[in-house]
Each structure stands twice: as C-alpha cells, then as structure tokens.
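A short worksheet on the structure shown next.
Side-chain atoms are counted along with the backbone in the values below, which use heavy atoms only and exclude waters and symmetry mates. Naming convention: chains lettered A, B, ... in sequence-line order (proteins, then strands); numbering from 1 in each chain.
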Amino acid sequence: MENRRKLLEVKNLKQHFNIGRGRVVKAVDGISFDIYEGEVLGLVGESGCGKSTTGRTIIGLYDATDGDVIFKDENVHGKKSRKEKLKFNRAMQMIFQDPYASLNPRMTVGDIIAEGIDIHGLAKSSEDRNNRVYDLLETVGLTKEHASRYPHEFSGGQRQRIGIARALAVEPDFIIADEPISALDVSIQAQVVNLMKKLQRERNLTYLFIAHDLSMVKYISDRIGVMYQGHLVELCDADRLYENPVHAYTKSLLSAIPLPDPEHERTRKRIIFDRPTSGPVGKSTDDTSIPPLREIEPGHYVSLTDAEYEAYKAQLV
Amino acid sequence: MAEQNMKMEQYDSSLFQQVELNEQAAERISGKSLNFWQDAWMRLRKNKAAIMSLIIILILSLLSIFGPMLAGRDAYEQSITKAKLPPKVTGLEWAGFDGVSTLGEKEINFYETKKVEENYWFGTDHLGRDLWSRVWEGTRVSLFIGLMAAIIDVIVGVTYGGISAYNGGRVDNIMQRIVEVLTGVPNLILIILFILILEPGITTIILAMTITGWIGMSRLVRGQILKLKNQEFVLAARTLGASSTRLIFKHLIPNTLGTIIISLMFTIPGAIFFEAFLSFIGLGLAPPQPSLGTLINEGYRELKTFPFLLVVPSTVIVLLMVSFNMLADGLRDAFDPRLRR
C-alpha cells in the first residue's frame, strides 16, 4: 500500500457554512485522507454527516473554509488561471446523485455528453465529436439513436448512465461518485455499480464512492472511510472494517445491515450509538467532542480518546 | 404426484415460446423525439381557446397596421358636416350597420339627412373623424405600448433578476433592497410627476413603466435562477469547467424561457390596460392622438345618443385583453413544468 502513488491527498479539510445570525454549520470539520491511484475509497455515514459536502469541496464546487486538497502533487484549491482550472476539471469528474436533476432538460443527450468535449475542445471536427458521443453511449450500454433524444424520455438508470458518459467524455483519472445509486431501484443499482466497476478496470479509474448503503459500498470499495458529524471516525480496508470495526459508530452502522438470512435476522441486535452531541442542528460545534484519528493497526485508523484506546489495547491482550 | 404429471401433459410444449431476453431491445425508445418547443406547441394546439386568441391577436395586429389604409381615410381629418354618422356597411345593414340612429323616439338615417354618399364602417365622431381609422390607430398605440412593456421586461427585468440571482450574496442583497424601494413608489403618482415635467404622451407612459414595470419579471427570473443554479446539471457543467457565459446561455436562460414568455404574455395586456386607464382619466395621450382609452373617454359622454362611439373601441380593447389573457393561460399550460420530466 505504501509504495502506491497517492493520487489525492486531503489535508485537514474544513467546510463551514454560515447560516446567518452568526450561526455556523460545520458540515466538514477537519478531515484528512489519501486516495491511491486505481483504488476505490468508499465514504459512508448517515444523512447530513458531510459526505456529499466533502466530495463537492474536493472538486471545487464549494470554496473550502480551510485545509488543502492535493491532486497529483498539485494544490488544486485557490488556483487562479483558467487554463489550470480547465486542466483540473478534465482530470477530476463527478457523478451526481439525482439522475432527474443532473441532466439539463433543454439539451439533447448528445449535447449533454458532448458538453465536456465542447468546453475542452477535444473534438477535431463535428464528425469526430459525434463519434465520441456514440462511443460513450455504447460504453454505458446505450445506442447512438439515443443521442438525439431528450432526458425526460429516459428512465432513472438510463439517465444515470448518461451522467456517467458525460463524466467520462473528458477522460478523467479520478471520479467522485456522489451517491450515484441511492435514487435508483435495487435492480438498477447493481447495473450501475457493475458498469462503474467495469469502467474502473478498463480505464484504470480511481473513485471516491460516496454512499450510505453499506453493502453496496463494501461491494465496490477497496477501502472505506466512515464519517460522522463532519469528521472521519474510522478508515481502513473494506474487508477489515467488516471483520474488526473498532469505533462505536462503525459498529452501530454495521449492526444495521440486514442480511437475507432469517436465522441471522432473528438474532441480529442493533447497536445504538449515542455519543452526546452539542450543536444547534445536530452538528458538533465542539472540536474536542471527536478525538483525532490514530493508527491502531497498519492501515486502520480510528478516532479514539486515550481512554478508549487503552481499553481497546487491553481487550486485544 | 401422478395427477400433477397428468396435468403437465395436457399442455403441448410446442405452444410455448422462449421469450427473448434482449437488452438492446429493452433500451430502445419508440416514439418521436420532441424538443421542449415542439412539445409545447403540440399541447398549445390542442387548446382551442388559446388558438382562437392567437388568431384574434394576429387579426387585430394586422388591422392596426393596415386598417386605416383599408378605409383610405385619415384619422385626424375633421369635417363638421359629416359629424356623428352611425356605422354603415353595405350588405351588413341587417346587423345594425345601417346608418340609422334613434334620436328621442324617431329613427333617423343620418346618411340621408346629411346627404353623405360614402359609407363610414364604424361611423364618425363629433368632429367628423372616421372612427374606423381612429380605432385602428388607437389599437396600434395600445399594441406598441404592450410591446414596449414586453421589451422593457425582457431587457431590464430579466437582466436585473438574472444578475441578482447569479451573483447572489451581497450583490443580491443590495439589488433586492433597491427593488423594494422602487416597489414602494406608487405608479400613478410617478406618472403624474412625469406629466408635470414632460408632455403627456407615449414617451411619458413608457418612461413611467421603465421605472417600475419590470419588477415583477425581475423577481420571477431571480427566483428561477436561484432555484436552477444549485441544480445538479448546473453543478455538473461547472465541474466540467463551463464558463459563466456558457452556464447562463446554455443552462440557465433556456430553462427560464418558458416562465419569461408566460410572464410577458400577462405583462402585455396589463400595459395595454394601464395605458387605456391613464388615457381615460386624462393622464395618457393628448388629443388629437387617438388611443383606445381616449376613444372610450370621448365615447362614453355620448353613450345615450350615439352608443357606437363607446361600443366599438370597448369591443376592441375587450377582445385584446381577453385574447392575451387566454393565450397566456394556454401557454402556461403548454409550458407547465410539472407535466414534464
């Protein structure tokens, strides 16, 4: 793991929103993690824990309050020239959550997919542009007849695949998938996730996969980060996280996964996580309420207080 | 068990056919591909009232341009000997266009008593001016004011609302406070102030409308853009590196256009009515310039003796108002975003 190249480094990223009258929502409050080339990092957590905000801040849709995002050894925030920005936009792309809102209803599917090609001037001629669009449509399992149609003619799964084709059009290295399957039927979820896995293999992509469905995340991710109230509370290999969850919140999340096994379901016990919070909108406003990450075994980081760490070590012996 | 086998044998396997599982076929979409405008036009076409209104508006617009030419008479030419002639159209005598008026108890054919050979289709007013020409000249003024109101709405309102919403934050805050101050100024007082400084006329009315008329539109556009600019398709365009120009003209404006057009169609009759109202109370156009408002004002004084002087311009303004409102209603249904997606 250590000798693999870091594609993205997030260092102490903070995103605070001012909601007026001096009140601040700390949506993301100082998270740090690395993403290695070719891996899939899953980011899970309950609604409103800051997963989507993290993704949007990394790609620059929001200006980060504090912290650095280093992509391919370059700090990507606070960039000035438009040329540099465009270069960054080509390398990092995003797949959105709501397939019904992420496609412009006034544009044909062909124009939607070609938008990146147009902006970056990737096509030499209009014929080249069309061919690229047709190729992309076929890559995501649609046909070239679909290029002249409008988004409202497609189903949710088809729209999501159009969104994927749009992101792929600029040939990115890194894709942030912001809950790409949470708005889809279960049968279509598998279709979209399998497509994303296939694309990752074929194009050597790196994903930041944001979701709240733990079983899907486990299926696609190499490593998983668990977020809670704007903080990363646990980060480790996907399999290891399921074998040995350490943080109380992770344990609680994992205990909520239903299994298609009546025997197991009958005995399944929900672990309720109730860390006292102190904040107006369910957000922690107290920095000390969540302790920093510490490495408890190679590649397994958990946010633990000293007392909790001692207890964990004692339990191991 | 044996019974079940018996049952199974009753069905001939040749009756069954393997259903093909073809993924490509499942992705196919049949049916014509329609873009937003074709779709809206299809829906508008089904709305009979809206189409009738559209035809009436077209006819009235054509008449307002070519009407005076058809009669071949000047709208300002006075001739006292031919004053107050009732409408007369050859062939339409049965419909009341017979040149006969009832004065007191007696029916008098004014064309015979005044020895007028030619027919005045809508009659003449108290100075002997041809009402046909005057009505269409007045309609022209009304439509022109409606058109100007629409242009002001688009240029000032859409730009103002768009800039306010697109920039957001402090810019939006300041721009909206200015709008709030402007809405506080009563329109009528503004007009009276303008007439004190300038001469009454089209320019004055248009100037007064420029100051406050666009506020409704700017608010509407601001709301739309505020909603749209955080939609995921706009965010997607931003992550692709789209410039502001591209965002505005490819993503934001096309998605607001339906709302803008609907609002315009309601602005136009509003402005027409506003002008007629001002002219009627004597704050609008000055005589001898005809407008529907001044014609109605002149007509209502002679309501008892020569009702046609009021009925004709009133009918025209009613047709205009009703048609524009019906068309706007039809357009709203045709563009209704809730039916789409």
Near [X] [atom1], under 6.0 Å, is it more than 12 heavy atoms from other residues, nucleotides or ligands?
X	atom1	value
B/M52	CE	no
A/F17	CZ	yes
B/R177	CZ	yes
B/N173	CG	yes
B/K229	NZ	yes
B/F266	CZ	yes

Please classify the contact of [X] with chain B as side chain, backbone, both or neither, using a heavy-atom distance under 4.5 Å.
X	value
A/E145	neither
A/D111	neither
A/R90	neither
A/I59	side chain

Open item on the list: Give the interface residues of residues 233-250 of chain B toward chain A, defined by a heavy-atom separation under 4.5 Å.
Closed with: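 The stretch touches chain A at B/F233, B/L235, B/A236, B/A237, B/R238, B/T239, B/L240, B/G241, B/A242, B/S243, B/R246, B/K250.
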
Open item on the list: For residues 150-158 of chain B, give me every residue with a non-hydrogen atom less than 4.5 Å from any non-hydrogen atom of chain A.
Closed with: none

TODO: Mind ranking A/H120, A/H146, A/M92 by heavy-atom pairs under 4.5 Å with chain B and telling me who comes out on top?
DONE: A/H146

